[in-house]
Number of protein chains: 4
Amino acid sequence: MSRKESKSPTFDRIVEASLQLFNQQGERSVTTNHIARYLNISTGNLYYHFACKEDIINELYRRYSKGMADYLNAAGELSVNASIEGLVSLLEKVLRHLWTFRFIPQSISSLFSVNQSLQESYSKIEAGLISRGVEKLFFKLRDQGMLEGDDVQIGFLARNFQLLQTGWIARPDIARCPQEAQVVAREGCLSLLYFLAPYVSSRFRQPFERVLASMAPVQALPAV
Amino acid sequence: MSRKESKSPTFDRIVEASLQLFNQQGERSVTTNHIARYLNISTGNLYYHFACKEDIINELYRRYSKGMADYLNAAGELSVNASIEGLVSLLEKVLRHLWTFRFIPQSISSLFSVNQSLQESYSKIEAGLISRGVEKLFFKLRDQGMLEGDDVQIGFLARNFQLLQTGWIARPDIARCPQEAQVVAREGCLSLLYFLAPYVSSRFRQPFERVLASMAPVQALPAV
Amino acid sequence: MSRKESKSPTFDRIVEASLQLFNQQGERSVTTNHIARYLNISTGNLYYHFACKEDIINELYRRYSKGMADYLNAAGELSVNASIEGLVSLLEKVLRHLWTFRFIPQSISSLFSVNQSLQESYSKIEAGLISRGVEKLFFKLRDQGMLEGDDVQIGFLARNFQLLQTGWIARPDIARCPQEAQVVAREGCLSLLYFLAPYVSSRFRQPFERVLASMAPVQALPAV
Amino acid sequence: MSRKESKSPTFDRIVEASLQLFNQQGERSVTTNHIARYLNISTGNLYYHFACKEDIINELYRRYSKGMADYLNAAGELSVNASIEGLVSLLEKVLRHLWTFRFIPQSISSLFSVNQSLQESYSKIEAGLISRGVEKLFFKLRDQGMLEGDDVQIGFLARNFQLLQTGWIARPDIARCPQEAQVVAREGCLSLLYFLAPYVSSRFRQPFERVLASMAPVQALPAV
DNA sequence: AATGAATGAGTATTCATTCAT
DNA sequence: TATGAATGAATACTCATTCAT
């Protein structure tokens, strides 16, 4: 995918079917036999493309975290010509991405007990790169005048933001329901914007309120 | 326990051992044989007390959610003579409680796929009673002058607060580490206070800042 | 068996059925399912008694090598009142023992590639204890006047003796044939006696020839 | 090879790679995929040249037994102008040949259970032709005055000799070790010479002892 | 209450072999 | 000749659960 335009059609079909089944029924109760039968291929063929179930999950995690990293980069560039609309649009994309891979935030902890390599990837990527990237991004947004707050506040803001973001997607009550990505992203976005609201600078308050109003037309944003 | 004076010593030992093992190694990789061996009892005996593994988990969930409900009630009474110190102290207790049952917030979604009844309990209790209880509590805190914000804001605040609370405990990077409950609770509490900060009324700002300072002595709480 | 009068009837039945099947069909083509089905027990039950197939083999190897060690001890004591008849009778017992566990000398090398722990046991026991024991025994027999030869000769004699002993049992042409143990032991014994003949002292030559004649009545033992 | 000028380069490469891998890791744990990957060819290509894995083994057995037969013929001619040196040199060549194909004596019995046709070849060739050939050879050596003994003795000598020869190569403790062929052949040769020693005629005793001394310089050959 | 042997449907995985290109 | 994706029966092993005592 990244380097050589994808390994093979079957490889990709396995990855995509697994993602779908994992999201629907939970990784735990989706066996390699299920995946193969779902695709009308033999287990032998599945194992021709993947050495083990772990590797399918790892490939999914790779795609998931690569997407997150890409959005983070996009966010870095976006903030050059900072606009609330741009930020919100990106945030929705991120939430849709998270929703696409929702089995990951949902079951990441319980995956650790059966997939050691995933734990390592996670430490490096999620808890490392991405976490730090989000922090940097928030400080940049402050530098550009979009956010206000001292270092400690912005630090907590960044960390809590991530927790809320994945926590929203991992919410057990919505997880398996076949909600539309659009709806989940919208509502999640609204929650996150309300979370950010107190830190939005006065200069950006007006467009911020406008966006908020456009998402949930009834209520205006009250001053804190 | 409270009403029926506990079923039997063995029953309780099974529940407690399971909790410990689930937290340490993840529910998924703890078998009923592990639990029995850990307690030096036979599997037959374990199944004399519990019809199935699910029931052990359900009993743990019952205790977990009962604890949460109790703390919620305590919060309701506390708010009569509202004090920041009281709130913080209760928050720490809740976080310690969550930490004690941390395998639940960590793996709740993935448990659903193998435990249908748990999903039902969850909808009723967590997403129902408790969720509504927290919302009521936050409105009460506003009525008592501790928090400020309009209905929509307080609504989002309550919901996000819960997400953050469990999200903090379920963080995969701390989950299996043998952190001390005290440390986890402290840091989580700090995160949550920073989350609430913008909504604390001016009347309570001083004690709030005092408490915050006492928890992380170096930094004062800056105005938004 | 050795310490606590055997673990359980089923444990022993598994060991014995495995031995029989391994001898008949070769360890390689006898699966744990075969063994269970042969005994009319479930695979689960088989795995209740043995953690893995390797452990069945290891237990068989344990019994095999324990038997060999016991016979070696018996040989040590026997040689106190040295007699050709006693030696021959013991040799027949050893050959019958080897024949009972014939799948081991037959497939030991190819077992190594799938059973690391067996290789370790083998180095310690077979190539260590037993090999040295046989050497000591042969030197003792010389001291008692039954054998003649210098140290180098007796050393080679001992080593070649062992090679012949197991080589005879492992002979691929007789291995799977349902020969009677008695016949195999007889013929093997004869081969081994002819191998030893040149080193039998003149003092023991007469009884030696008598025994030889009794086993293969037609031919007398010619002088070298 | 000799008659049909070899089937194809790939055919031969497969045979040779298989031999190497079988010797190193044991036939049992070398899959057809391993062989193909080792040669950088596709499995399909491997199966273009061989109908099944068995056939590779059969071809190796063919080469192995052909070599043995050739050496046996050479021995027949050699004995015309009988010399101890010539015999020893040939014996070393045979041992090196056996070492080259060592996976065969090591696993021949266990191969039978998965390769019926091999069992048939073996009965015809090894247990038939070669066995009888060796017997004839030994009688010839006696006729030429190199060996002494009656018919029964020489018969047992021939049979035991073969058992020792392959037994030495198949010894599980040296099998997988990357010993040099030269060393193995030397030591094996010495063992076999000591085995023959008692039957060497007085006329050939002197050159025999000379050769023995040259191989293990320290010790002279003691009279029996 | 308690034991521990027994069950059996499942689970990931392997590997000789086939087949379309 | 050669490729490499695809097959599928087999294999070792697991684990929640049952049952006779």
Side-chain angles (χ1 to χ4, degrees), chain A residues 7-11 13-14 28-37 39-56 114, chain B residues 7-11 28-37 39-56 114, chain C residues 7-11 13-14 28-37 39-56 114, chain D residues 7-11 28-37 39-56 114:
Chain A
K7 302 217 173 188
S8 96
T10 306
F11 182 95
R13 286 177 65 221
I14 293 169
R28 188 177 182 172
S29 48
V30 173
T31 73
T32 48
N33 285 325
H34 291 344
I35 300 167
R37 214 171 304 143
L39 286 172
N40 278 318
I41 64 173
S42 63
T43 57
N45 194 13
L46 187 147
Y47 277 91
Y48 177 77
H49 292 283
F50 290 91
C52 56
K53 193 186 174 191
E54 266 194 54
D55 281 1
I56 303 179
V114 287
Chain B
K7 302 218 172 186
S8 96
T10 305
F11 181 96
R28 188 175 182 171
S29 47
V30 173
T31 72
T32 47
N33 279 319
H34 289 348
I35 299 167
R37 214 171 306 143
L39 286 171
N40 279 320
I41 66 173
S42 64
T43 50
N45 194 10
L46 186 147
Y47 276 88
Y48 177 81
H49 291 283
F50 289 91
C52 57
K53 195 187 174 191
E54 270 191 51
D55 282 1
I56 303 179
V114 286
Chain C
K7 302 217 172 188
S8 95
T10 305
F11 181 95
R13 286 178 65 222
I14 293 169
R28 187 176 184 173
S29 47
V30 174
T31 73
T32 49
N33 285 325
H34 291 344
I35 300 167
R37 216 170 303 143
L39 287 171
N40 278 321
I41 65 172
S42 63
T43 56
N45 194 10
L46 186 148
Y47 278 92
Y48 177 78
H49 292 283
F50 289 91
C52 55
K53 194 187 173 188
E54 267 193 53
D55 282 2
I56 302 179
V114 288
Chain D
K7 302 218 173 187
S8 96
T10 305
F11 182 96
R28 188 175 183 172
S29 48
V30 173
T31 71
T32 47
N33 280 319
H34 289 347
I35 299 167
R37 215 174 303 143
L39 287 171
N40 278 321
I41 65 172
S42 64
T43 50
N45 194 10
L46 188 148
Y47 275 89
Y48 177 81
H49 291 284
F50 289 91
C52 57
K53 195 187 175 190
E54 270 192 51
D55 282 2
I56 303 179
V114 286

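In what follows, chains are A, B, ... by sequence order, proteins preceding strands, each numbered from 1.
- The side chain of H34(C) has dT11(F) as its nearest neighbour among dA2(F), dA9(F), dT11(F).
- We find the CG-CG distance between N45(D) and N40(D) to be 11.5 Å, quoted to the nearest 0.5 Å.
- Residue N33(C) places none of its side-chain N or O atoms closer than 4.0 Å to OP1 or OP2 of dT11(F).
- Side-chain nitrogen and oxygen atoms of T43(C) include none within less than 4.0 Å of the OP1 or OP2 phosphate oxygen of dG8(E).
- To the nearest angstrom, P of dA2(F) lies 11 Å from CG of L39(D).
- Between the P atom of dT17(E) and the CD1 atom of I35(D) lies a distance of 11 Å, rounded to the nearest Å.
- Distances were taken from every side-chain heavy atom of H49(D) (C-beta onward) to each of dA2(F), dA12(E), dA6(E); the shortest belongs to dA2(F).
- Summarising the geometry, the separation between CG on N40(A) and P on dG8(F) is reported as 11 Å, rounded to the nearest angstrom.
- Take the nearest nucleotide of DNA chain E for K53(A) and for I41(B): the residue whose nucleotide is more 5' is I41(B).
- L46(D) and A36(D) get closest at one heavy-atom pair: CD1-N, 4.0 Å.
- Nucleotide dA20(F) holds its P atom 17 Å from the OH atom of Y48(B), rounded to whole Å.
- Taking atom CZ on R37(A) and atom P on dG8(F), their separation rounds to 13 Å, with Å as the unit.
- As rounded to whole Å, 14 Å separates atom P of dG8(F) from atom CG of L46(A).
- Using a distance-only test at 3.5 Å, with no hydrogens or angles considered, no donor-acceptor pair links the side chain of K7(C) to the main chain of H49(C).
- Nucleotide dT21(E) forms a Watson-Crick or G-U wobble pair with dA2(F), both donor-acceptor distances falling under 3.5 Å.
- Comparing dA1(E) with dT21(F), their P atoms are spaced 23 Å from each other, to the whole Å.
- Between dT13(E), dT17(E), dA1(E), one nucleotide has an atom nearer to the side chain of C52(D) than all others, and that is dT17(E).
- Residue T31(A) is classed as a sugar-phosphate contact, given heavy-atom separations below 4.0 Å to backbone atoms only.
- Side-chain N/O atoms of Y47(C) include one lying less than 4.0 angstrom from OP1 or OP2 on dC13(F).
- Figure legend. dT7(F) is base-paired to dA16(E); pairs are counted as Watson-Crick or G-U wobble with both atom distances under 3.5 Å.
- You'll find that the side chain of S42(A) is closest to dG8(F), out of dA2(E), dA12(E), dG8(F).
- Residue T32(B) places none of its side-chain N or O atoms closer than 4.0 Å to OP1 or OP2 of dC15(F).
- OP1 and OP2 of dT1(F) both lie 4.0 Å or more from every side-chain N or O belonging to N45(D).
- Counting to the nearest Å, the C1' atom of dA12(E) and the CD1 atom of I56(A) are 11 Å from each other.
- Under the 3.5 Å distance criterion, the side-chain polar atoms of R28(C) are left unmatched by any main-chain donor or acceptor of V114(D).
- Nearest-nucleotide assignment on DNA chain F puts the 5′-proximal partner with R13(A), out of R13(A) and R28(C).
- Note that the CZ atom of F11(B) and the CD1 atom of I56(B) stand 9.0 Å from one another [nearest 0.5 Å].
- In this structure, a donor-acceptor pair under 3.5 Å is absent between the side chains of S42(B) and Y48(B).
- The distance between atom CD of E54(C) and atom C1' of dT11(F), rounded to the nearest whole Å, is 14 Å.
- Distance from the side chain of T10(A) is smallest to dA6(F) among dA6(F), dA6(E), dT13(E).
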